[in-house]
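None of the values given here were measured: they were computed from a predicted structure.
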Amino acid sequence: MAGHDERVVRELVDAHGQTYAEEAGIALKDTPQPLYRLLVLAHLLSARIRGSIAVATARALADAGLGDPRRMADADWQERVDALGRGGYRRYDERTAAQLGDGAGLLLDRWGGDLRRLRKEADGDVSELRRLLQEFPGVGPAGADIFLREVQRVWPEAGPCLDGKALQGAKRLGLPEDAGRLLDLADGTEPAVLAAALVRAAVDKDTVRDAEDRAG
């Protein structure tokens with residue numbers, strides 16, 4: 001059984017291990033703009049909307065010049081609504097436009113527009129980091145988990161992070177619902193990559209079927 005589980009994980013990661021930041025065109029680094037773009041992406045992904053739409057909308061916001069908190073805060077509400085609409089994010093566009101503006105203002109006022117200062121305030125405490133992230137309007141527990149799941153590539157203290165959604169994916173694949181065992185099965189795969197692949201399995205039954213078919 002362990003051998004089969006290892007094959008499932010390997011095939012899943014090989015075919016579906018792209019992080020959501022990568023899909024959104026975010027070259028994730030420990031610098032202010034990529035971190036802010038990741039926060040916006042996590043906000044968008046946490047809504048009850050298809051991941052592909054959230055990713056497209058994150059790209060649309062960046063294309064509109066709204067990829068940094070100063071520009072987001074300075075944009076008027078309609079400008080943000082229009083950018084959200086171009087990404088297909090129409091169900092929640094009005095509320096989200098207001099939340100993004102307010103969140104950018106909070107980031108500027110409290111942390112100088114730099115999420116690394118929020119990280120420093122948390123001082124290595126992941127629970128505190130999660131709490132601080134949820135101070136941004138529209139970023140609840142799910143949004144904070146998404147951010148931590150992806151940011152662990154550049155903030156090591158956030159990992160290894162396989163959140164509840166990743167473990168749901170493991171369950172759908174018949175894999176152990178235990179982060180340590182999953183990391184062992186992944187044999188050195190980056191936790192962020194493994195987590196993204198498992199989340200894709202959690203939200204898309206075709207991903208599950210594909211990984212199982214590949215594993216044989």
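- Shortest non-hydrogen contact noted between A42 and G143 is CB-O, 3.5 Å.
- When atom types are taken as modelled, the side chain of E150 and the backbone of Y20 share a donor-acceptor pair closer than 3.5 angstrom.
- Crowding of R110 atom CZ: a count of heavy atoms from other residues, nucleotides or ligands under 6.0 Å exceeding 12.
- A donor-acceptor pair under 3.5 Å is absent between the side-chain atoms of R70 and the main chain of G113, judged by distance alone.
- Summarising the geometry, atom CG belonging to L133 is positioned 9.5 Å from atom CG belonging to D145; distances are rounded to the nearest 0.5 Å.
- Residue A54 comes nearest to L45 through the heavy atom pair CB-CD2, 3.6 Å, listed as atom of the first residue, atom of the second, then distance.
- Comment: R80 does not engage D93 in a salt bridge, judged by the lack of any side-chain N to carboxylate O separation of less than 4.0 angstrom.
- Remark: the backbone N or O of L132 is not paired with any side-chain donor or acceptor of E135 at under 3.5 angstrom.
- Side-chain contact between V9 and D5 is absent, with no heavy-atom pair separated by less than 4.5 Å.
- For F147 against L35, the heavy-atom pair with the smallest separation is CE1-O, 3.7 Å.
- With a 4.5 Å cut-off on side-chain heavy atoms, R50 and V203 do not count as touching.
- The backbone N or O of G67 lies less than 3.5 Å from no partner atom in the side chain of R37, so there is not a single donor-acceptor pair.
- F136 is not listed as a side-chain neighbour of D102, based on a closest heavy-atom distance of 4.5 Å or more.
- Checking side-chain atoms of R71 against main-chain N and O of L66 turns up no donor-acceptor pair under 3.5 Å.
- Here the shortest heavy-atom pairing between L38 and I26 reads N-CD1, 3.9 Å.
- Taking every heavy atom of both residues into account, T19 and A192 meet most closely at CG2-O, 4.0 Å.
- Between L44 and the options L84, V55, I49, a side chain to side chain contact (heavy atoms under 4.5 Å, CB included) holds for only L84.
- Shown here is D206, whose CG atom has more than 12 heavy atoms of other residues, nucleotides or ligands within 6.0 Å.
- Under the 4.5 Å side-chain contact rule for hydrophobic residues, L108 and L100 do not share a cluster.
- Contact check for P69 versus L39: no side-chain heavy atoms found under the 4.5 Å cut-off.
- Side chain of R130 to backbone of L148: no donor-acceptor contact under 3.5 angstrom is found.
- Salt bridge D210/R214: present, at least one basic N to carboxylate O contact under 4.0 Å.
- Residues V8 and H4 have side chains in contact (heavy-atom distance under 4.5 Å, counting atoms from C-beta outward).
- A salt bridge does not link R209 to E212: none of the charged side-chain nitrogens sits closer than 4.0 Å to a carboxylate oxygen.
- At least one side-chain heavy atom of L198 sits less than 4.5 Å from a side-chain heavy atom of L173.
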Side chain to side chain contact (heavy atoms under 4.5 Å, CB included) assessment of K205 paired with R172: CA-CA 8 Å; K205 63 183 180 182; R172 293 188 69 176; 3.2 Å; yes

